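Structure, as structure tokens:
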Amino acid sequence: MRIIVQKFGGTSLAEPRGRMQAARKVIEAIHRGFSPVMVVSAMGRKPQPYATDTLLSLLEDIAKEVDVEPREKDLIMACGEIISTAVMAQLLKTLGIKAIALTGAQAGIITTADYGNARILRIDTEYLLYLLRQGYVPVVAGFQGMAEAVPPQVHGDITTLGRGGSDTTATALGAALKADRVEIYTDVDGVMTADPNLVNDARVLSRLSYEEVSEMAHQGAKVVHPRAIEIAMEYGVDVWVKNNYSDHPGSLITSQELLSPEERERITAITNLGSIAYLHISVQEEDKPYVEVEIYKMLGKLRVNAYLTSMSSDRITFAVTRQNLWKVRRLLDSVVVPVWKGGKPRLYLFDTGSDRMSFLIQREELMKLQGSAEVEVIPVEIMENTSLVSVIFSQPYLLQKVMVGLLSVLDKEGISFIQIADSHLSASVLLNDSDAPRAIRALHKEFSLSQI
Amino acid sequence: MVQRFEKDSVVSEIECRRGYTCVKVRFKEKSEVGKILGALTRAEIHFTIPKIHENSLNFVLPQREEEKALEVLKNLGYNPQLLSGCSLVIVYAPDMRNLFGIMVQILEAMLKEGAEVLQVGDAYNSVSCLIRDEKLKDTISALRETFPNTAIKCEFS
């Protein structure tokens, strides 16, 4: 039996035409001699009626000030995918295909009990294999599983897998079922050298390594979720990214050893991670390590990730997503960091320039302590509209060459940058949002990615 | 049946590499950064963790390339500050950006041992910190306490 796992995202399933196309892809796979397992996401995006966020708002809208319990949140968030399974199974049946809709739990996906971000512990494949042997096409709900039952529970709770969950379901099923291949269907022809909305001559990469895709995904490319790629890499599953609406062969993501020498040593793509806020906080040199640790500790408690961190003797510098900026502002506005190393204690207050209610109240109160303590009011510099543009490459030794090429293009184009950064397979620059499209086009040209 | 399918999102390995130098080059204009890194690349010098500060470019290079780098930079008219005898400590996790508070755990371990972090670089799967060689042993012990049962890989050049 040659098993194929085919995953269809929400945008592919939102409209009847997309659903028919998806059904066609399944039927084509059967004609090619495969036994397909279909993995589906929820149909569409908010405000469409069965999108995950729309369903979630049914609970959230009951009382905005009351948080939804994670267990119930997972239960309702899992419904969108379940609806998709029933719809797609019914569609396949009307087209003469034996199909059966399955929740993640029914497909044997057992997870940890971390609601909202559960990890797959194991996949019991017996039932899926039985169905495949009987000639069924199992239509499995992506993004979900079931935690193990804790007595007196008879059945475990429904869990969701977090961001990129349906991609994760697909590659995990591919690995557990020892599938010949996993196909991820989307609305572009494959993994591209740049965002085709920004670069007219962006090309589809016919083959690329797990490592390249992982780097691209982490640096902002909207390709397969990195967690799904991690599983594919671990278990050696070939993943194809294809277009639901065309017959383009798509992109194969596989192990580096299977690529050609040219593919193994190349500049791969230009990516853009937008919506970044970049912050600088200057403090007294002797206190900086303590203030820094306190700030990062509080960010951790807020579940805000700081990145693009930079060390200097008296400046704390980091980036956060713009989505998290309000949390960081509120934190810095309300916090007082005391540093005491004998003598007068020093109290640090942070002025973010907005949302300053707590800051203003605290400053007034703390100023009364002047004399017995030193009160330091620190202005926080915030650059709100920045983007990280990255050049992705396939071998770490290419870093220096790429970094220099990247800076020379920006120089030629007269684009100023704020920071530079390197990673295992990428060289990046932080620049103003408004400069990002021009930089991406120039870099794509400079590195001849349209000839790839 | 496949057991324990997905890896946990935790620190997977700590690596230490000796034999690095921290370089600070003061510039007048940020646009000089490309010229500096370009000259180093042409001389086949392997810089890493480049960071731009208000008036300087800082980066890390293998100590064995220190002399060559100094010559290149002096030829360009710079008078760089070099700090030899440094070690890179790299903490790996497959999904670093979802491990909230990981940075503070690393910094606290270093601070506890009085190790000044001279340079830091973060990626989606690692955080690299440059410290002085003499603080390496204690820092590794502190990191082992913070992240028990993590594999430690040490490379001495």
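Remember, predicted model here, so these are calculated numbers, not experimental data. Letters A, B, ... mirror the listed sequences (proteins, then strands); counts begin at 1.
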Toward chain B, the part of [X] with a non-hydrogen atom under 4.5 Å:
| X | value |
| --- | --- |
| A:Thr168 | side chain |
| A:Glu294 | neither |
| A:Arg315 | side chain |
| A:Ser310 | both |
| A:Leu299 | neither |

Contact part of [X] toward chain A, heavy-atom cut-off under 4.5 Å: side chain, backbone, both or neither?
| X | answer |
| --- | --- |
| B:Leu37 | both |
| B:Met110 | neither |
| B:Glu54 | side chain |
| B:Ile102 | neither |

- Query: Using 30° and 60° as the class limits, which term best fits the ring planes of A:Tyr130 and A:Tyr127: parallel, tilted or perpendicular?
  - Reply: parallel
Which one, [options], leads in non-hydrogen pairs under 4.5 Å with chain B?
| options | result |
| --- | --- |
| A:Arg163, A:Glu215, A:Gln219 | A:Glu215 |
| A:Thr111, A:Leu399, A:Leu308, A:Leu406 | A:Leu308 |
| A:Gly300, A:Pro226, A:Gly162, A:Ser426 | A:Gly300 |

- Query: Judged by modelled atom types alone, do A:Ser214 and A:Glu211 share a side-chain donor-acceptor pair under 3.5 Å?
  - Reply: no
- For residues A:Thr160 and A:Gln144, is any side-chain donor paired with an opposing acceptor at under 3.5 Å? no
- Applying the side-chain contact (heavy atoms from CB on, under 4.5 Å) test to A:Leu431, which of A:Leu410, A:Leu388, A:Thr386 qualifies? A:Leu410
- Got a sec, which residues hit side chain to side chain contact (heavy atoms under 4.5 Å, CB included) with A:Ala113, two or more places apart in sequence or on another chain? A:Ala147
- Which residues, numbered in order, of residues 138-146 of chain B come under 4.5 angstrom of chain A by heavy-atom distance? none
- Message: Which residues pass the ring pair (Phe, Tyr, Trp, His ring centres under 6.0 Å) test with A:Tyr210, not counting sequence neighbours?
- Response: none
- Message: Donor-acceptor pair, distance only, cut-off 3.5 Å: does the side chain of A:Asp167 make one with the backbone of A:His225?
- Response: yes
- Message: Using modelled atom types and a 3.5 Å cut-off, is there a donor and acceptor pairing between side-chain atoms of B:His46 and backbone atoms of A:Gln400?
- Response: no
Top residue by heavy-atom pair count (under 4.5 Å) with chain A, among [options]?
| options | answer |
| --- | --- |
| B:Ala123, B:Ser128, B:Pro50, B:Cys129 | B:Pro50 |
| B:Ser126, B:Ser56, B:Pro94, B:Gly101 | B:Pro94 |
| B:Ile52, B:Leu118, B:Asn125 | B:Ile52 |
| B:Lys30, B:Gln119, B:Met103 | B:Lys30 |

- Message: Between A:Phe318 and A:Tyr296, is the ring centroid distance below 6.0 Å?
- Response: yes
- Query: Can we call the ring centroids of B:Phe5 and A:Tyr235 under 6.0 Å apart?
  - Reply: yes
- Query: Side-chain contact, heavy-atom cut-off 4.5 Å: A:Thr317 with B:Lys51?
  - Reply: no
- Query: Between atom CG of A:Asn432 and atom CZ of A:Phe417, what is the distance when rounded to the nearest 0.5 Å?
  - Reply: 12.5 Å
- Determine which pairs satisfy ring pair (Phe, Tyr, Trp, His ring centres under 6.0 Å) with at least one residue from residues 99-140 of chain B, sequence neighbours left out, and list them in order. A:His218-B:Tyr124
- Item | Worked verdict on B:Cys154 versus B:Cys16 for disulfide bond (SG atoms under 2.5 Å apart) | CA-CA 5 Å; B:Cys154 280; B:Cys16 48; 2.1 Å; yes
